[in-house]
There are 2 protein chains.
Amino acid sequence: MKITSRFTVAVHTLLVIYHFEGKEKTTSEFIAASVNVNPVVIRRALLSLKAAGMVEVKAGSGGASIVKDLKDITLFDVYRAVDSVDGDIFHFHENPNPACAVGKNIHAVLDTHLADAQRALENELKKVTLYDLTQDLERRL
Amino acid sequence: MKITSRFTVAVHTLLVIYHFEGKEKTTSEFIAASVNVNPVVIRRALLSLKAAGMVEVKAGSGGASIVKDLKDITLFDVYRAVDSVDGDIFHFHENPNPACAVGKNIHAVLDTHLADAQRALENELKKVTLYDLTQDLERRL
DNA sequence: AAATGATGTAATGTCAAGCATTACATCATT
DNA sequence: AATGATGTAATGCTTGACATTACATCATTT
């Protein structure tokens with residue numbers, strides 16, 4: 001019923017790396033201390049972000065760094081990178097009765113509207129870049 | 001991770017009542033046959049729709065009827081009536097570290113954007129009335 | 001007023017998803 | 001080689017939704 005916290009965790013992770021890169025060793029453990037979750041959760045987030053080409057992670061020596069311009073990463077990109085939603089956000093009841101006029105057509109009648117709503121949410125996430133967030137963050141320090 | 005099927009079930013329920021009112025006795029069992037769920041699920045949906053002033057349910061004798069103009073009921077109204085989402089649609093990680101510059105401000109930086117996205121989804125649902133759906137349904141018969 | 005048929009609602013079991021955590025093999029650097 | 005970190009599997013826990021059973025209550029009909 002809620003969109004997985006992997007999403008906010010991943011955003012948080014990127015901001016920590018950006019903020020502390022160069023000053024601190026941005027290991028999964030260090031990041032985990034800011035997010036306040038188990039380091040494994042951060043490693044998984046980093047794997048997703050790495051697969052999406054946003055960060056680089058040094059195995060062995062440790063530490064993550066950002067390898068893509070934050071102006072080119074939107075909240076939607078992160079949302080996608082960590083698979084915040086698999087498929088549709090609305091859960092449709094499984095087997096409407098095809099022998100009923102309503103049951104037979106309920107999908108045809110509803111699906112596009114549900115998809116529109118989901119798209120509206122996602123489009124909103126596309127409007128915000130990670131760079132925007134870092135600027136907002138700076139302003140608050 | 002998905003919005004409860006109570007929502008699509010409730011929409012389906014309203015359409016069944018509208019479509020069969022007068023022709024069939026629209027009991028929870030009858031509706032359940034079209035939606036293909038347990039009648040109790042329909043009764044619960046009807047309770048919510050009744051509380052929202054959309055339907056009337058005859059206890060004892062049985063059968064539900066619509067008591068509000070379908071042009072005045074949007075998908076959002078139904079979504080709300082059945083409590084599709086409790087509070088926020090995004091799940092934020094619980095305890096960001098307040099001793100960290102990022103952890104301390106992550107909520108301030110993210111919350112409004114997440115709220116905007118949720119609002120975008122909900123606004124989209126406000127654009128569609130149940131009447132629109134019945135018209136679309138008619139066209140397909 | 002009894003019988004019927006439906007609703008209102010509590011209680012329970014099941015199942016899946018997400019999260020947290022442990023453990024350990026692997027890797028790069030010192 | 002030793003160290004310190006990542007990659008990843010495995011496990012247990014908890015929560016939430018859904019399905020179902022059961023039954024008291026109610027309105028109508030006979």
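Naming: A, B, ... by sequence-line order, numbering from 1 per chain. We use all heavy atoms of the structure for the numbers below, so side chains are in, but hydrogens, waters and symmetry mates are not.
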Write down the distance between NE2 (His91(A)) and P (dA17(D)), rounded to a whole number of angstrom.
-> 11 Å

If you measure only the distance, is there a donor-acceptor pair under 3.5 Å linking the side chains of His93(B) and Thr8(A)?
-> yes

Counting only side-chain N and O atoms of Lys50(B), is one of them less than 4.0 Å from OP1 or OP2 of dG8(C)?
-> yes

Separation of Ile42(B) atom CD1 from dC18(D) atom P, in whole Å?
-> 12 Å

Integer-rounded Å distance: dG5(C) C1' and Glu29(B) CD = 10 Å

Distance, rounded to the nearest Å, where Asp83(B) contributes CG and dG16(D) contributes P = 14 Å

In whole angstrom, give the distance that lies between atom CG of Leu46(A) and atom C1' of dT6(D).
-> 9 Å

Round to a whole Å and report the spacing from NE2 of His12(B) to P of dC18(D).
-> 16 Å

For dC19(C), take OP1 and OP2 only and decide whether either is under 4.0 Å from a side-chain N or O of Thr4(A).
-> yes

Ile3(B) CD1 to dC18(D) P, in whole Å, measures 12 Å

Have a look at the helix from dA1(C)-dT30(D) to dT30(C)-dA1(D) and give the angle its two end axes make, five pairs each, rounded to 10 degrees.
-> 10°

Name the pairs: protein N/O against N/O of nucleotides 1-4 of chain C, kept only if under 3.5 Å.
none

Choosing from dT7(C), dG7(D), dA5(D), which nucleotide comes nearest the side chain of Thr27(A)?
-> dA5(D)

For nucleotides 19-21 of chain D, tabulate all protein N/O to nucleotide N/O atom pairs closer than 3.5 Å, reporting atom names and distance.
unit_1	atom_1	unit_2	atom_2	d
dT20(D)	O4	Arg44(B)	NH2	3.4

Just jot down the side-chain contact (heavy atoms from CB on, under 4.5 Å) partners of Ala33(A), sequence neighbours excluded, or say none.
-> none

Taken in chain and number order and not counting sequence neighbours, the residues that satisfy side-chain contact (heavy atoms from CB on, under 4.5 Å) with Thr134(A) are Leu15(A), Tyr18(A), Leu70(A), Tyr131(A)

With side chains defined as the heavy atoms from C-beta onward, is the minimum distance between Val128(A) and Leu133(A) less than 4.5 Å?
-> yes

CG of Leu49(B) versus C1' of dG8(C): gap in Å, rounded?
-> 15 Å

Taken to the nearest 0.5 Å, the spacing of Met54(B) CE from Asp77(B) CG works out to 5.0 Å

Okay, side chain of Thr26(B), backbone of Ala64(B): is any donor-acceptor separation there less than 3.5 Å?
-> yes

Test side-chain contact (heavy atoms from CB on, under 4.5 Å) applied to Lys104(B) - qualifying residues, sequence neighbours left out = none

Distance below 4.0 Å between Ser28(B) side-chain N/O and dT7(C) OP1 or OP2 = yes

On DNA chain C, more 5' by nearest nucleotide between Pro39(A) and Lys25(B) is Lys25(B)

Under 3.5 Å donor-acceptor, Arg6(B) side chain and Asp83(B) backbone = yes

Judged by atom type as modelled, is there a donor-acceptor pair below 3.5 Å linking the side chain of Glu124(B) to the main-chain atoms of Ala120(A)?
-> no

From Leu125(B) CG over to Asp116(A) CG, what is the distance, rounded to the nearest 0.5 angstrom?
-> 9.5 Å

Using the ring of each side chain (for Trp, its six-membered ring), is Tyr79(B) parallel, tilted or perpendicular to Phe7(B), with breaks at 30° and 60°?
-> perpendicular

Measure from the side-chain N and O atoms of Gln118(B) to the backbone N and O of Gly87(B), and report whether any donor-acceptor pair falls under 3.5 Å.
-> yes

